[in-house]
Structure formats: C-alpha cells, structure tokens
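Everything on this sheet refers to the single structure shown next.
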Amino acid sequence: MIIVKKAEELVAMRIAAKKTATILHKVASKVAPGVTTKELDEYAAELAKKAEGRCAFYGYHGFSGHICSSVNEEVVHGVPGRRVINNGDVVSIDFGLVYGGFVGDTAITVAAGEIDPEWQRLLDTTQECLAAAIGKAVEGNRLSDISNAVQVVAEGAGFSVVRDFVGHGIGREMHEDPQIPNYGPPGRGPVLKAGMTFAIEPMINLGVHKTETLNDGWTVVTKDRLPSAHFEHTIAVGKGKAEILTIPDLDS
Ligand code: MG
C-alpha cells in the first residue's frame, strides 16, 4: 500500500530530507584523490551526530557504514573502508538519515580530480535521468511513467539501466511501497497522488546493465567492471509538479 502523507507529515519529511541532503553535500565535497572511503564515512557519522539524526543505513541488515560509497565499477552498497580514491575516479555516495521519525534518502556521484569525458557524460546523463523521472512524479500520472523516463534518457544517450535495484516509497520507513524500477513501458501501475513520497534513484552503467555482488555480501559491481553512476532524491508527488525534498541547505 502506498502511503499518502498528510500535510504535517510532509512538513516533518522536508526537515529530515533537508538535513540528509545537507550532510550528503558536505561529505561529497570531501571527495578528492588520496581520501579513503572510511574517512568520508566517519565525516558523515560526525555530521549526523551534530544534526541529532540517526544514520539510516548503519546497522541495516548488519551494514557497517554510515554511507554507501561506491567507486567506479561499484554500482551501489559499497562498504566504506580502506579504498583510496584516485585521480580520475567517480565516487557515488548514498546517505540516509532518520530525523523526527522520518527518513531522507539521497545519493550523488562525483568526480575525483580529472575524469574521462565519457565518464563525465555518464554522470551528466544519470542526473538528467533523475530530473526526467522527477518531472513525471505528478498527480494523475502512472508509476511506470517515472520508470520509463529514466530508461528513455539513459538508453537515448547510449548507456544502460541497472535492473537489479530499484527506487522506493519512503516515509517513516526507509523502504515503503511501491518499488520503482528505472525501466519499463509508460502508463502502467498505480495512479500517482499528491503526497506520495518516493526515493527515485537511477543507476546507470557505461557498459552492460548486468551486475553482481562481491563476496562481502554488499558491494554491487557492474558485470563488465565499467563505471556506474547513481543519483537519488527523495521527492513528494505534487499537483502539476513534484517537490524535491532532499535539497541541501548550502548556508549551514
Ligand atoms: Mg534509496
């Protein structure tokens, strides 16, 4: 069942989501050659503590990180650790925060130093996929209009859409109904209503769409080990226009 949030619940979600996005923005700004993913993780933990929030991923099914950090061929769920970020890497950071009883979930992929122009095009396209998907999150549309928008933009640019992981409803729980694939025909699934809140998160690969999970049980990598990009926003479906909730407070 897709939960439609009441006005006061949306107020609380805006606060949680803004805190989430602000922390992600600060952590992402630390990505640079020579930095380890563990250092990014510790910074996120420190910022979450200061914000009086709880890191949503930490301890989730035993996950040991406060963020997911996924470098290059790592698609999602990378476990922060000793991996040193090199010049030319792309680093995806996914962060979830619980605050005031609601969860915010947001991800970004950033370049470390100078990256291959084709990798930059992958990042730009994935951001365009997210924007196109959010553009479809309006009352009266069908759920798969969101999915289709991602696929059209990604494949139109010559990239492939990860099928094994999906976006999701979000609210008091990090994962609520519905599941939101990033591919498929438009015009299917539930009709969207204002007040539904979703985490929309295209994962787009430079090469094949297939993925596999490493022996750590978490880190998802592309089958061909070519790079992958991931952008995510928590949004509220609106009448005529969606509202992006995970907008960072750049002054804080
Ligand atoms: Mg998510």
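Indexing begins at 1, ligand by ligand and atom by atom, following the structure's order. Values below: every heavy atom of this structure, side chains too, minus hydrogens, waters and symmetry copies.
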Worksheet item: Which residues and atoms, protein N, O or S only, are under 2.8 Å from the Mg ion (ligand 1)?
Response: D105 OD2, H168 NE2, E201 OE2, E232 OE2

Worksheet item: Does K30 pair with E42 as a salt bridge, N-O distance under 4.0 Å?
Response: no

Worksheet item: So which of I134, L130, T246, I170 actually passes side-chain contact (heavy atoms from CB on, under 4.5 Å) with I235?
Response: I134

Discussion item. Between the side chains of E46 and K26, is the shortest nitrogen-to-carboxylate-oxygen separation below 4.0 Å, so that they form an ion pair?
Written reply: no

Worksheet item: With the threshold set at 4.0 Å, does a side-chain nitrogen-carboxylate oxygen contact exist between R83 and E73?
Response: yes

Item to complete: State whether Y99 and R54 meet the cation-pi test: NZ (Lys) or CZ (Arg) under 6.0 Å from the six-membered ring centroid, and within 45° of the perpendicular axis.
Response: no

Worksheet entry | Distance (rounded to the nearest 0.5 Å) between K239 NZ and L192 CG | 12.5 Å

